[in-house]
Amino acid sequence: MNEELIFKNSNDDFETTCSSIYFTKLKRLTEDYFNVSCIDLAKNLLGTILVRQLSDGTILKGKIVETECYLGSEDKASQSYNGKKTPRNEPMFMKPGTLYVYMTYGMYYCINISSQGEGAAVLLRSVEPLVGLDKMIENRCQYHVKRKRNFAGEKIPQSRISRRKFKPHELCNGPSKLCISFDINIENCNKKNVSDFSDLWLEERMDQINESNIISSTRIGIESAGTEWASKLLRFYIYENKNVSIKDRERELLRNPIRNK
DNA sequence: CTACGGATGCCCT
DNA sequence: GGGCATCCGTAGA
């Protein structure tokens, strides 16, 4: 549609297209935007732009392409199930638009945005990188440097770390990958309200997003909550977007049998 | 391509 | 002490 800009990375094989979003001043989402039901917010967030300003002034941008709902008291998979309120999940109960960042598996973060509804929040699962890909790669690489070993527990030689390459769609295709790429952690983002925070905010979408290109699917990694809640369609993603962490081919077929054959 | 196991630290019971 | 809204490398098809 609009003119496209080719982004080049220091790696030769690393390039991606980026729409004119890079140049456009988009409207920031204000508090009213977040004061809707969890499911509405999860769908509305698809296509909106996540913007992060790092302490050194670097701007990172990405389009939200995958979200999940955690409904609150009734939802067995939610940390706020049964009205459970703890120091950790308090942001889920704060006013809509509040960021809830928590640590999982001892080494990863996830970021949520609270919505209307007691204890309800939307998990941001995947983002399509648009601006600042170099910095995102650096953040992902540094994460490995910090660990000084790979995930098999072997030490990684420095030379190998610097050679590690990321394709654009591998940078933020998962809740914790996006937190690493965007340098989001508890200390710098938890409990802030996205409608009034200078380091992280959201901007209105330019894409046409509607029921025809949203896939509804089951949530990821919550099987232990039991089949009833694990099978509810509370995950939403943009159809045919490469940055989605896990695709649901069955649901895509149901939605669009002709296009998929 | 999918399946699987291990890392790792903190929260909550 | 159990479990976790994950990720990654390896093994095998």
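Residue numbering restarts at 1 for every chain, and letters A, B, ... go by the order of the sequence lines. The basis for the numbers below is simple: all heavy atoms, side chains too, and nothing from hydrogens, waters or symmetry mates. This is a predicted model, so every value here is computed, not measured.
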Could you check if a side-chain atom of [X] sits within less than 4.5 angstrom of a side-chain atom of [Y], using non-hydrogen atoms only?
{"X": "A:Arg235", "Y": "A:Thr67", "result": "no"}
{"X": "A:Ile137", "Y": "A:Leu171", "result": "yes"}
{"X": "A:Val122", "Y": "A:Asn112", "result": "no"}

I need the [atom1]-[atom2] distance between [X] and [N], as an integer number of Å.
{"X": "A:Glu170", "N": "C:dC7", "atom1": "CD", "atom2": "P", "value": "13 Å"}
{"X": "A:Leu171", "N": "C:dC8", "atom1": "CG", "atom2": "P", "value": "10 Å"}
{"X": "A:Asn82", "N": "B:dC12", "atom1": "CG", "atom2": "P", "value": "15 Å"}
{"X": "A:Lys84", "N": "C:dG3", "atom1": "NZ", "atom2": "P", "value": "13 Å"}
{"X": "A:Ile246", "N": "C:dC8", "atom1": "CD1", "atom2": "P", "value": "13 Å"}
{"X": "A:Met107", "N": "C:dC8", "atom1": "CE", "atom2": "P", "value": "11 Å"}
{"X": "A:Arg140", "N": "C:dG9", "atom1": "CZ", "atom2": "C1'", "value": "14 Å"}
{"X": "A:Leu178", "N": "C:dA5", "atom1": "CG", "atom2": "C1'", "value": "12 Å"}

Hey, does A:Arg219 reach any base, or is it just sugar-phosphate, or nothing, if we go heavy atoms under 4.0 Å?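 A:Arg219: no heavy atom of the nucleic acid under 4.0 Å.
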
Within the 4.0 Å heavy-atom criterion, would you say A:Leu123 contacts the bases, only the backbone, or no part of the nucleic acid?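 Counting heavy atoms under 4.0 Å across all strands, the contact made by A:Leu123 includes a base.
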
In the strands shown, is C:dA5 matched to any nucleotide by a Watson-Crick or G-U wobble pair with both distances under 3.5 Å, and which?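 Across any shown strand, C:dA5 pairs with none.
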
Phosphate OP1/OP2 of C:dA5: any A:Ser176 side-chain N/O under 4.0 Å: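 No, outside the criterion.
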
When you measure from the side-chain N and O atoms of A:Arg125 to the phosphate of C:dT6, is any distance below 4.0 Å, counting only OP1 and OP2?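 For C:dT6, OP1/OP2 do have a side-chain N/O of A:Arg125 under 4.0 Å.
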
Hey, does the side chain of A:Ser73 reach the backbone of A:Gly83 with a donor-acceptor pair shorter than 3.5 angstrom?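 Side chain of A:Ser73 to backbone of A:Gly83, a donor-acceptor pair under 3.5 Å: yes, one is there.
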
What nucleotide among B:dC10, C:dA5, C:dC7 has an atom nearest to a side-chain atom of A:Met103?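 Minimum distance to the A:Met103 side chain belongs to B:dC10.
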
Are C:dC7 and A:Tyr105 stacked, with the base six-membered ring and the side-chain ring centres under 5.5 Å apart and planes under 30°?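 Base of C:dC7: not stacked against A:Tyr105.
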
Considering all heavy atoms, the nearest A:Glu211-A:Lys43 contact: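 So the two residues come closest at OE2-NZ, 3.2 Å.
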
